[in-house]
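Residue numbering restarts at 1 for every chain, and letters A, B, ... go by the order of the sequence lines. Only a predicted model underlies this, so the values are computations on that prediction, with no experimental measurement involved.
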Amino acid sequence: MVNLNVNIAGLKLKNPVTTASGTFGFGEEFEDFIDLNKLGGIFVKGLTLYNREGNDYPRMAETPSGMLNAVGLQNKGIDYFINTIYPKIKKWDTQIFPNINGSVVEDYIAVAEKLNDVEGIEGLELNISCPNVKEGGMAFGVSCPSAIAVTKAVREVYDKTIIVKLSPNVTDITEIAKGVEGAGADGVSLINTLLGMAIDANTRKPILSTITGGLSGPAIKPVAIRMVWQVYNAVKIPIVGIGGIMNATDAIEFMLAGSTAIQVGTANFIDPQISVKIVDGLEDYCTQNRITEISDLIGGMIS
Amino acid sequence: MVNLNVNIAGLKLKNPVTTASGTFGFGEEFEDFIDLNKLGGIFVKGLTLYNREGNDYPRMAETPSGMLNAVGLQNKGIDYFINTIYPKIKKWDTQIFPNINGSVVEDYIAVAEKLNDVEGIEGLELNISCPNVKEGGMAFGVSCPSAIAVTKAVREVYDKTIIVKLSPNVTDITEIAKGVEGAGADGVSLINTLLGMAIDANTRKPILSTITGGLSGPAIKPVAIRMVWQVYNAVKIPIVGIGGIMNATDAIEFMLAGSTAIQVGTANFIDPQISVKIVDGLEDYCTQNRITEISDLIGGMIS
Amino acid sequence: MKRIQDFNVISYTWLNDDNYIITLGSETDIECVEPGNFAEIKVPNSPDVFLRRPISILDVDHQNNTIKFYIKAIGKGTRQLGNLDINSSLNIVYPLGNSFSVIKKKRALIVGGGSGIAPFILLASKLKDENTEVTFLIGGRTSGDVFLTDEFGRYGEVLVTTEDGSLGEKGMVTQHSVFSRTMDFDLIYTCGPDPMMKAVANIASEKGIDCEASLENMMACGIGACLCCVTPTIRGNECVCTEGPVFNSKDLVW
Amino acid sequence: MKRIQDFNVISYTWLNDDNYIITLGSETDIECVEPGNFAEIKVPNSPDVFLRRPISILDVDHQNNTIKFYIKAIGKGTRQLGNLDINSSLNIVYPLGNSFSVIKKKRALIVGGGSGIAPFILLASKLKDENTEVTFLIGGRTSGDVFLTDEFGRYGEVLVTTEDGSLGEKGMVTQHSVFSRTMDFDLIYTCGPDPMMKAVANIASEKGIDCEASLENMMACGIGACLCCVTPTIRGNECVCTEGPVFNSKDLVW
Ligand SMILES: Cc1cc2nc3c(=O)[nH]c(=O)nc-3n(C[C@H](O)[C@H](O)[C@H](O)COP(=O)(O)OP(=O)(O)OC[C@H]3O[C@@H](n4cnc5c(N)ncnc54)[C@H](O)[C@@H]3O)c2cc1C
Ligand SMILES: Cc1cc2nc3c(=O)[nH]c(=O)nc-3n(C[C@H](O)[C@H](O)[C@H](O)COP(=O)(O)OP(=O)(O)OC[C@H]3O[C@@H](n4cnc5c(N)ncnc54)[C@H](O)[C@@H]3O)c2cc1C
Ligand SMILES: Cc1cc2nc3c(=O)[nH]c(=O)nc-3n(C[C@H](O)[C@H](O)[C@H](O)COP(=O)(O)O)c2cc1C
Ligand SMILES: Cc1cc2nc3c(=O)[nH]c(=O)nc-3n(C[C@H](O)[C@H](O)[C@H](O)COP(=O)(O)O)c2cc1C
Ligand code: FES
Ligand code: FES
């Protein structure tokens, strides 16, 4: 028997496998393919205070072992989520984490305040790393003072678990991680997408309407694992590892590097059942390696 | 007839296709496969003042659409290059660019001084972005003041073309690019490898002896193109674009984003003839698109 | 219900160098498919192709558990899909997207070009079941670009235009004489290159006829999870993979 | 001269579930190959395999323009190489690396295990040409891991050890009784798992016999350009792909 439970600052996940914001809709989209009760958690699509139309199309480009996206936080606003979507998805026996975004600190505060009162939602992901919006977004996550400021502001109004999602587009991610730890974050999730770009040599135009976009998928895995390992050695709060996880072996690597839990992102597009397959794969790995507590793997790299 | 010539701060290349430092040895290794006279230039293996043994093995890990390396600037020192290697390779009708490295500014100065007197070598690549050495290396390239300091110091002793090779592991590459431009660089080359890491889930050990290493190959292409485009919009000096170029189409994309010339790196391992195939491919593209001067493509993205 | 299912390649029919029909079989039942639905196909053995590829469902045979796609090889994925070994396995997610309205006992015009003709076999057969009379108008650059006319002929009159006049009337589809006749169609369906669909939608709107267009877009997930495939509509950005691919042309902002 | 060349898959011979010999043919001449040389093979149709894979050359036939490799499927690349269609094309860069010393009119012991036996067919045939007498010592975990003994038998005596005693003597290769006999060999060649080669090299050095070991390493280029494949030697780090794969065990720091 393997105990797959992990613990993010007191918040228990039945297993380390969650799904990444923006790649799993609100979970419903996957109902036909998997039993959502089997997931450790779901980080839902990025939310903002008000309705957002997102960016113009084209929003997507395929790249070697990855993709660029420029969705730009299209969503119907936090109230719609709380009143219309959450009631439909709360039936699942898994942790639902809203991913919150803002152009200014006040937006984050307003969204967090509203979520604080929602029963059943035990934590949120504070996204300070979206590369696809003109205002706010990644700007918060690439400067230490602003990352600290927004974390502090949300901490003041939100009583439950705060996971701050970090941007990889920085010189030293440990500095930002330490900053948000000091500002009251209960955990950090990393990495968001790398800022990238694609050009069509035939039309000579950028492929994305926004010119640059966010790179995800296995292409970024080595960068993500490096950053998880660096942050693991710099902070005490738990880490949710993200970036190109395609199978259970990848998930194990992220845990060994220091992740308490992991998020499956782009892989959901290639195999809508992959998240649950990874849960099963983790259990198999533990059984084969006679590991009874999966949490023993966290930061377990032998170096 | 297509004119493939390009010009880096007065230094003429017969075509934009050069090979990336550390991926093409000193050129000789490819003599059996291609006619080296067909290349625009060769950026030779990273050189230091004295002999360096480099890092322990394993130094390499395959990753999705890419690889990690941790060579660590193994080389026999600048004197050996000047006295023993250069005399053998100078026969080729192509530009040879030494790639120079140091742990402290004085090392760079000493190496540059020695190269200043070598007839036939018209320029050097100042590497301030090697992620695989403990001292110096990338440290110079991730801080603006130190990037400026080393560029200024080398500028003072070196009369010919200086191309500064930038690190992508920074929050804002344009800041560094502008800094080295102001410090006297004639051009910039980018990107060097992204800092990455790989773990073996079976042994639970890092794959590289140095734990982290440099990520190269098509996986990093979207990041590289984005940075070339950002730097193109920030500086006036020419850019040598690098990162995951596998074919002529990729090279065109880099030129459209703002590269005057390009370097082919990891692709040389997969096809030792690829550099020359890219020269031919560029010519074909120009012919098909009725472009008579390839330099018209530089920064030619329509946005 | 949407499903992920393994199939085997049963056969290819090559229509010319670039256009083919691939028939896949499965051990298990095939889901019910509506006309206009598509599938997300995983391209096997292709180092360059990372994401699935959206392809309309041409036809299904529930008796023999087979499904067919009509594919035009335009890039690495569609080329590789035409190059698989017979019996090799292929994974598809389907049926995806909404579908064309199937009108009863009316008259319909179906206008298609290129790989846009794929959804119209299923559509025509449903329309026939509902006693709707169908006229097809198929366009191509030359006679070599016009496919499936025999199949369409089983369901109604088939009109053709080619830009070089090598088959049917000369010109673009929208220049076809059918549009100068009394246009007593109740609904126009269109699928093909964007400019063609726009032109058809314009004529439809001029004549006051409803028009349904099936759009393409760059897709990552195909199931409404990523919001990559939006198209602007009068209601805001909507996903082609879930709110589409079929849109009433009145709703589109293009 | 090193060369990049296209080949076709002519045939496979499967020795068991994981071990196979692949024979490739070419329209053009095959380069001269020395025993110990290897090739860098591009694995086709494999989305997971980015770099070439280094594989020793088992044999070449200059009359028929064929080349053979003995491959043990241990991962994604070596598995996929065993799964190609007959006649499909394959690109290889060869011949790479240095080679074993071919001694004349002497006595040689060849010790191999696992896929490390691959270079020894070519070596034995060259040694035979030079009238050197060869004894083979092949080790495996069980009798199912011991391959090519018939082929080796054509060139000399073949001794076998298996860890479970199912074939030949029981134990590790270095426990074989040949090592307790008068060791009148002039040279020992070894290739196989590192621990085996080290143990063999130790015995050789105790007995004062020269020993050549062929090493493996993670390789990117295979031609000395990247410096990824180094092994520590008494002269410093040296590339296994160019200064090796064959090293005199005295020079190795392991
Ligand atoms: C709902 C839907 C149904 C479709 N039905 C069919 C069908 O039945 N038969 C058929 O042959 N094709 C169909 N397509 C188009 C098909 O998906 C694309 O041709 C295919 O994805 C191209 O993949 P590739 O790897 O061959 O091309 P790539 O090598 O990826 O690209 C080649 C070129 O095509 C462009 N392109 C790639 N994908 C798309 C896309 N989805 N939309 C527009 N342009 C694209 C690229 O920008 C590039 O210029 C459909 C598309 C959609 C969205
Ligand atoms: C000079 C040389 C000659 C060789 N000759 C032969 C031969 O004749 N026959 C044969 O079957 N094999 C030979 N090998 C080994 C062969 O190259 C590896 O088995 C192969 O590269 C593994 O690729 P893969 O994709 O199957 O494994 P992967 O899926 O890439 O990896 C599977 C496991 O093997 C390890 N591994 C991968 N490559 C190597 C390597 N080059 N060295 C050591 N460990 C590795 C990985 O770390 C991993 O744990 C030789 C290697 C070298 C360097
Ligand atoms: C289409 C798409 C949309 C995304 N939207 C969001 C978002 O709204 N909020 C967020 O924090 N991250 C978003 N991300 C980033 C992912 O959550 C994740 O951090 C990233 O994709 C890396 O993981 P992966 O490589 O497994 O996909 C998005 C990613 C993709 C591909
Ligand atoms: C094995 C290896 C060794 C390298 N050594 C050097 C070096 O010595 N100096 C340097 O500036 N860059 C070095 N690089 C970086 C390349 O020159 C290039 O910037 C990088 O690989 C990205 O290009 P690519 O994706 O085309 O390989 C090395 C890269 C590789 C893969
Ligand atoms: S392709 Fe993902 S939402 Fe349509
Ligand atoms: S593999 Fe590149 S030097 Fe040996």
Which donor-acceptor pairs lie under 3.5 Å between chain B and chain A?
| unit_1 | atom_1 | unit_2 | atom_2 | d |
| --- | --- | --- | --- | --- |
| Ser65(B) | OG | Ser65(A) | OG | 2.4 |
| Thr171(B) | N | Thr171(A) | OG1 | 2.9 |
| Thr171(B) | OG1 | Thr171(A) | N | 2.9 |
| Thr171(B) | OG1 | Thr171(A) | OG1 | 3.2 |
| Leu195(B) | O | Arg226(A) | NE | 2.8 |
| Leu195(B) | O | Arg226(A) | NH2 | 3.1 |
| Met197(B) | N | Pro222(A) | O | 3.0 |
| Ala201(B) | O | Tyr285(A) | OH | 2.6 |
| Arg204(B) | O | Ile302(A) | N | 2.8 |
| Pro222(B) | O | Met197(A) | N | 3.0 |
| Arg226(B) | NE | Leu195(A) | O | 2.8 |
| Arg226(B) | NH2 | Leu195(A) | O | 3.1 |
| Tyr285(B) | OH | Ala201(A) | O | 2.7 |
| Ile302(B) | N | Arg204(A) | O | 2.8 |

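- When heavy atoms are compared at a cutoff of 4.5 Å, Leu194(B) approaches chain A solely by way of its side chain, counted from C-beta outward.
- Legend: residues meeting side chain to side chain contact (heavy atoms under 4.5 Å, CB included) with Ile148(B), ordered by chain and number and at least two apart, are Cys144(B), Lys152(B), Ala183(B).
- Proximity of Val223(B) to Leu195(A): side-chain heavy atoms (C-beta onward) are nowhere separated by under 4.5 Å.
- Proximity to chain A (any heavy atom under 4.5 Å) is restricted, for Ile211(B), to the side chain, taken from C-beta onward.
- Chain B forms the most heavy-atom pairs under 4.5 Å with one residue out of Leu215(A), Val228(A), Ile199(A), Val142(A), and that residue is Ile199(A).
- Counting heavy-atom pairs under 4.5 Å between each of Gly66(B), Gly244(B), Ala219(B), Pro64(B) and chain A puts Pro64(B) at the top.
- Interface check for chain B: of the options Ala257(A), Pro168(A), Gly196(A), Gly300(A), the most heavy-atom pairs under 4.5 Å are formed by Gly196(A).
- Heavy-atom minimum distance, Ala201(B) versus Ile252(A): CB-CG2, 3.9 Å.
- Partners of Ala177(B) by side chain to side chain contact (heavy atoms under 4.5 Å, CB included), not counting sequence neighbours, listed by chain and number: Leu166(B), Val231(B), Val235(B).
- Taking Ala61(A) as the reference, Leu68(A), Ala198(A), Ile207(A), Leu208(A) meet the side chain to side chain contact (heavy atoms under 4.5 Å, CB included) condition, with sequence neighbours excluded.
- Residue contact with chain A, scored on non-hydrogen atoms closer than 4.5 Å, involves the side chain of Leu297(B) exclusively.
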